[in-house]
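Quick notes on the structure that follows.
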There are 2 protein chains.
Amino acid sequence: MTILHSASEVLRCFSDERPELTLTDIVALRGAPKSSTSRLLNAMRDAGFLDVSKVGRKYRPAPLLTHLAHINKVDVSLLARADAAVRELVEETGHTGYVSALDHKDVIALAGHEGRHILRVATAVGRRLHASASATGRALLSRMEDRTIHSLYEKGMEVPSDKAPRSVAELIERLNLVRQKGYSEAYDETNHGVGALATVVVDPVKNLALSLCIAFPAATITQQDKDHIIARMIGVTAKLARHFNDQGQPITDTTRTRKSPTGEQQP
Amino acid sequence: MTILHSASEVLRCFSDERPELTLTDIVALRGAPKSSTSRLLNAMRDAGFLDVSKVGRKYRPAPLLTHLAHINKVDVSLLARADAAVRELVEETGHTGYVSALDHKDVIALAGHEGRHILRVATAVGRRLHASASATGRALLSRMEDRTIHSLYEKGMEVPSDKAPRSVAELIERLNLVRQKGYSEAYDETNHGVGALATVVVDPVKNLALSLCIAFPAATITQQDKDHIIARMIGVTAKLARHFNDQGQPITDTTRTRKSPTGEQQP
DNA sequence: CCGTTTGTTCCATAAAATGGAACTGAAGTT
DNA sequence: AACTTCAGTTCCATTTTATGGAACAAACGG
């Protein structure tokens, strides 16, 4: 494994709940030896990935990463269009909307718009959720082949809530439902009292999959509201798909491209 | 040099103007051998730092980085307060305002608010500017010791505009002015027609320096407007400084902390 | 002042990065 | 089709860097 993997592992240790971490924290979270971790963190700081606080030697992500997040936004025209579509849906329904992308087994919100109802779901661009346990995550996963899903979760799957899928088999069952219906849904999975509906669109040229998601208070929504949201979401998503010539191809595996794969069988 | 330095060098190649890069682009920009760069880019993709487009093999920053940018925002309470202060100034003056931090020889905008005048400076959170050639950059640099400035620019200084400092000596001269007056200014340096005023505040605990900046169309501003903005900026900055117990200490060098330095002389 | 906690450095070993050259594959060109 | 270019990858011997256990150093808390 290259040191880059370790670095990315370290970066993934940070979250809203743990925005600052000490050497000891990271050792505990990753289980790697203290000496190696110490050197790694210092190297990451020297390279501009982390900043360190003076007292307590607490590490946090450096501004460089804000810069790169910005580039990501500037670049991707699918994101711009998906964002516009979500904004439209938010204005129409009053519920909060997101655009998200996959990062390994997680989804990360890239853009969001807050609804206007008094009781509404907050936006949190940059937030990370378990892909298997969210509407938006399952929408994205539904565009991967089953064997890719299997290899993604071969080291186990976290089950953050009662209603989340408990096993890969259960996940794939639910992904099949998503594939069939064209949208995905989740209630009370990652967030208590929150319901969500999500669709997915792929830019085959950039090899980028994005999910559109509308989130609402699960208790106050009627079946009629839901049906309306679903119809509109499927509509705008189909429009995006046409524009980017998304014809339902599965997302290409993120791992090595050319290297002859171990046990792959392609006609 | 560790591979992390190379990785961070690669990430710094991306900009608003070049949001996607191919292997060849990066080879041209960095001058490193093609074979090494090829392996490096693939490793960075495998680690989740980069995504690759299917056609043209173009690399772009991955969503992981959006996540980290978000953490950075959640965490830092100085940022939250500085952002609130800038918002106040923006509302009062109608001009665009930023909060920025240093990343090596660049400044990166971490938060921004757009003004309400018809002719106004656009916000661009995540944007990267040359520190030496911007008001906000020089405000931040003014809190470093001169020898740190020298070592920062020992490999040369880019001069993006006529009005920007041409040498380290000239830069330090202007930093002395900033230190004396308590604010920094720039006209027509990085952006044509744009003037900017900036102050700086340091959280000594987190070892974080942030700059507050107000940017305006240089042609339409009066001396009176400017004086008013400066007075208000210095006011809110002083308030922040008191809150964080910033007593004008120089920013600690970003490089190794404990390792006995080569030629350092401290009484 | 001494135990405790937290982070760094040492060092021999193991692993990974390097860069020149050869190779592959995909476009163009004649 | 054969030829040329160009972009990207892989090979391989060499150099460089990472690793982890243990010793060391510094800060903390009585």
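Lettering of chains follows the sequences in order, A, B, ..., and the numbering in each one begins at 1. What you see is a predicted model; the values in this text were computed from it and never measured.
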Before giving the answer on salt bridge (charged side-chain N to carboxylate O under 4.0 Å, His left out), spell out for R179(A) and D146(A) the whole-Å C-alpha distance, their side-chain angles and the decisive distance to 0.1 Å. CA-CA 12 Å; R179(A) 287 167 186 146; D146(A) 285 359; 3.0 Å; yes
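- Rounded to whole Å, atom C1' of dT18(C) lies 15 Å from atom NZ of K34(B).
- Note: CG (L41(B)) to P (dG19(C)) measures 14 Å, nearest angstrom.
- Rounded to a whole Å, the CG atom of L4(A) is 11 Å from the P atom of dT19(D).
- For the pair N42(B) CG and dA7(D) P, the interatomic distance rounds to 17 Å; values are reported in whole Å.
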What do the steps show when you test F49(B) against F49(A) for ring pair (Phe, Tyr, Trp, His ring centres under 6.0 Å), and what is the final call? CA-CA 11 Å; F49(B) 288 105; F49(A) 288 105; 5.7 Å; yes
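- At a cut-off of 3.5 Å, with distance as the only test, a side-chain donor of R12(B) or S8(B) sits close to an acceptor on the other residue.
- Where Y59(A) and T2(A) meet DNA chain C, the nucleotide closest to each residue was compared, and Y59(A) sits on the side nearer the 5' end.
- The nearest whole Å value for the distance from the CD1 atom in I26(B) to the P atom in dT9(D) is 11 Å.
- Between L40(B) atom CG and dA17(C) atom P the separation is 9 Å, expressed in whole Å.
- Each of dT8(C), dT18(C), dG19(C) was ranked by its minimum atom distance to the side chain of R57(A); first place goes to dT8(C).
- Salt bridge D246(B)/R143(B): present, at least one basic N to carboxylate O contact under 4.0 Å.
- The NE2-C1' distance, from H5(A) to dT19(D), rounds to 17 Å in whole Å.
- Phosphate proximity of dT19(D) to S35(A): absent, as no side-chain N or O sits under 4.0 Å from OP1 or OP2.
- Distances were taken from every side-chain heavy atom of I3(A) (C-beta onward) to each of dA17(C), dG20(D), dA18(D); the shortest belongs to dA18(D).
- Judged by distance alone with a 3.5 Å cut-off, a donor-acceptor contact links the side chain of R39(A) to the base of dG20(D).
- With respect to K206(B) and E20(A), a salt bridge is recorded, a charged nitrogen being found less than 4.0 Å from a carboxylate O.
- In this structure, S6(B) does not reach the dA17(C) phosphate: none of its side-chain N or O atoms is under 4.0 Å from OP1 or OP2.
- Taking 4.0 angstrom as the limit, S36(B) places a side-chain polar atom (N or O) nearer than this to OP1 or OP2 of dG19(C).
- Atom-to-atom, CG of L23(B) to P of dG19(C) comes out at 14 Å; the value is rounded to the nearest Å.
- In this structure, S38(B) reaches the bases: a heavy-atom distance under 4.0 Å links it to at least one base atom across the strands shown.
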